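Structure first, then comments.
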Amino acid sequence: MIPALGLRMTKLRLNLFFVAVAGTLVTVLVAIGCLAFYLFTGPRNPVQDVEIFDDAQILDSTLVERELSQVNTFKDTRVIVWTRNGSPQDNINAETLNWARQHQDLNLMSGPAWSNGTFIITVSVEDNSTRGSGQVGTYFGEDIKIASAEAQTELREPGYEYFKQRNWSQGVVAITEANARRMARPAVRNPTVLQGIALAVAVFSVVNFVSAFRRVRRFESDAKVFDAVTVNVNERVAATDFILDEGFGAKIHNAAATLLRNYTDALDLRDSIKSTSFFALNVLNRPLKKRVDAFSDKTDQIEKATDMVDRATALYSRDEQNWQAVWKQEIDDTRSHLKTVLSDRTLATKADSSLYQSLCEFAKEGIQKLDQIEYGVSYDDGTNTSAYLDQIAQIREELTSRMNNIQEDVLLRSGKQKRFIQEATERSLRSNRARSRSLTGYFDTRSFYAPSAFAIGYNNGLRDYQSYKESRSNDGSGGTTTGYGSSGGGFSGSGSSSRF
């Protein structure tokens, strides 16, 4: 047994168990690999140069230089620290740019951007009495830049609390250390990327197992149905040989021959699926999915066809004890659709009045004809079975034609709702056809239009259209604005600032 699944062990189920084990192992190994990669591929290049310009006289320059010199980065980097006394109205992006232009000897700029390998921290002090306040900005050379303004703000946050406590030196160190782990970081070492890889493998493993599990369960469920409905299938088909091969009887013989062909094909598919190996049991194996789908379709066709064969045998031979009940089901199936025409309010209010009136007259006549057939069957020895079935089939065909005309007329008057009503009606028709249990219903299952499907489809279509209208909305969005003020002169270096 496989306790987790509650399944008796077979080759296919054993392979499914191995799929679960393999997926778990691969996920664990990939997660360990990603963690090891992250731990052993960190920044290795010490900061090349530290230059401190403490105009606000708030730093322990010796401490800051010593601490920053020990910071490692992914790419050779020099760190420039500038402190100033400022006011809340200052744009310290513009102030930093002006300061850099006044210190051309520092070579902080390269054209319209900051020089490669340069990281600048500007601390603008507004209050240094009891609690520190002000602004801090970070600016990056093009080769080490952090493009997202949101990410830049996030990487400044480690220094906020230090600044508020007036521990300016430690705040600068904290911001530098945070940025050093991100500047010029290889994309593959991004924790989000590594987590994404591990998560993707885990998700794939789960999806792979769930897909394989569902295929196995679906196949086994279909196989049980297949075994149940094909008991003595050859003998059951042979029992229809006495039916004359003409009229409705010819349809039955053709369907019986198709049943035997489908039975043979399904046997081959079943054996092929049962022999699926461990390596072939995966979500990427499209041929396996097609075989499982084909076996399911064949089983469904065989189930309906065997029921048809049994019904035909009962109706024609009258040797079965339930032949009268089968005949009643046959007639009542069509009679119920005609009665729906006379009682359905959606049809009465939405269909064109002349088309609906004509449909009602036809329905009444059809019910009378079915009553006559039911009476005739009770006194017939089976000679006229095909003729009676042909009459029922003609009623169903005429009903379908009239319903199609009504739907076409309604759709022409539905405007923007047309597509939704049409799609919902098709869904309703497919569902109704799958429930048909009559012999005539078996042969017109692809075309028959049940009147009840119109009402359900119409009303569902209106709801779908309303939901579609409500779901359409325009979402607004905002963003972070960065810049160097009117004095920027086209300068576009990466960087931003924020308050603390």
Side-chain angles (χ1 to χ4, degrees), residues 222-267 269-270 295-337 366 369-397 400 432-448 450:
D222 290 333
K224 288 180 181 179
V225 174
F226 176 80
D227 291 340
V229 301
T230 56
V231 174
N232 300 324
V233 65
N234 289 291
E235 290 81 356
R236 291 156 71 185
V237 170
T240 63
D241 288 346
F242 74 94
I243 300 174
L244 293 179
D245 194 12
E246 60 184 23
F248 209 91
K251 294 181 180 180
I252 294 172
H253 282 295
N254 289 334
T258 301
L259 165 60
L260 292 179
R261 288 194 297 271
N262 285 338
Y263 174 65
T264 301
D265 294 342
L267 285 174
L269 285 168
R270 185 185 65 177
F295 180 74
S296 182
D297 291 341
K298 291 288 184 185
T299 298
D300 184 57
Q301 294 171 26
I302 290 170
E303 182 179 16
K304 293 176 181 177
T306 52
D307 180 70
M308 178 275 299
V309 166
D310 293 341
R311 286 176 176 275
T313 302
L315 293 181
Y316 279 86
S317 70
R318 301 205 173 191
D319 291 336
E320 301 291 337
Q321 295 181 353
N322 66 336
W323 74 269
Q324 291 176 318
V326 174
W327 255 120
K328 181 172 177 56
Q329 290 174 2
E330 185 69 34
I331 294 171
D332 284 350
D333 181 51
T334 300
R335 180 187 281 137
S336 66
H337 293 304
K369 185 175 293 186
L370 290 175
D371 291 341
Q372 295 170 3
I373 293 173
E374 189 171 27
Y375 178 80
V377 164
S378 62
Y379 293 98
D380 185 60
D381 60 359
T383 304
N384 297 310
T385 298
S386 286
Y388 288 141
L389 291 172
D390 280 331
Q391 290 178 42
I392 296 174
Q394 289 171 7
I395 293 174
R396 295 171 67 90
E397 183 178 354
T400 294
N432 190 281
R433 290 163 184 166
R435 293 194 297 268
S436 178
R437 300 291 296 171
S438 66
L439 190 60
T440 48
Y442 172 82
F443 288 102
D444 66 8
T445 185
R446 293 179 180 274
S447 60
F448 181 67

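Computed from a predicted structure; not experimentally measured.
A heavy-atom distance below 4.5 Å is found between the side chains of Val309 and Thr313. Residues Trp327 and Leu439 form no side-chain contact, since every pair of their non-hydrogen atoms from C-beta on lies 4.5 Å or further apart. Between Tyr263 and Phe226 there is a side-chain heavy-atom pair separated by less than 4.5 Å.
For the residue pair Ala305 and Tyr442, the shortest heavy atom distance occurs at CB-OH, 3.6 Å. Across all non-hydrogen atoms, the minimal contact from Gly249 to Tyr316 is N-OH, 3.8 Å. The shortest non-hydrogen separation linking Asn322 to Ala314 is OD1-CB, 4.3 Å. Smallest separation of non-hydrogen atoms from Leu315 and Trp323: CD2-O, 4.2 Å.
Taking the side chain to side chain donor-acceptor pair (under 3.5 Å) definition, one finds that Arg446 meets it with nothing, sequence neighbours left out. Remark: Leu244 pairs with Glu246 by the side chain to side chain contact (heavy atoms under 4.5 Å, CB included) rule, at least two apart or across chains. Every residue two or more places apart in sequence or in another chain was checked for a salt bridge (charged side-chain N to carboxylate O under 4.0 Å, His left out) with Lys369, and none qualifies. With sequence neighbours excluded, the residues forming a side chain to side chain contact (heavy atoms under 4.5 Å, CB included) with Ser438 are Glu330, Asp333, Arg396, Ser436, Thr440, listed by chain and number. Here Gln329 pairs with Arg311 under the side chain to side chain donor-acceptor pair (under 3.5 Å) rule; sequence neighbours left out. The side chain to side chain donor-acceptor pair (under 3.5 Å) check on Asp222 picks up Ser296, with sequence neighbours excluded. In terms of the side chain to side chain donor-acceptor pair (under 3.5 Å) criterion, Ser378 has no residue partners (sequence neighbours excluded). Considering only residues two or more places apart in sequence or on other chains, Thr400 meets the side chain to side chain contact (heavy atoms under 4.5 Å, CB included) condition with Asn404, Phe448, Tyr449. With sequence neighbours excluded, the residues satisfying side chain to side chain contact (heavy atoms under 4.5 Å, CB included) with Asp390 are Phe248. Applying the salt bridge (charged side-chain N to carboxylate O under 4.0 Å, His left out) rule to Asp332 yields the partners Lys328, Arg335; only residues at least two apart in sequence or on another chain are considered.
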N/O donor-acceptor pairs under 3.5 Å from side chains in residues 234-242, not counting sequence neighbours:
residue	atom	partner	partner atom	Å
Arg236	NE	Asp310	OD1	3.3
Arg236	NH1	Val229	O	2.9
Arg236	NH1	Val231	O	2.9
Arg236	NH2	Asp310	OD2	2.9
Thr240	OG1	Val237	O	2.6

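Residue pairs meeting the side-chain hydrogen bond (donor to acceptor under 3.5 Å, both in side chains) criterion with at least one member in residues 252-262, sequence neighbours excluded: Thr258-Arg261, Asn262-Lys298, Asn262-Gln301.
Note: Met308 CE to Glu303 CD = 13.5 Å, rounded to the nearest 0.5 Å.
Salt bridge status for Arg270 with Asp265: absent, with no side-chain N to carboxylate O gap under 4.0 Å.
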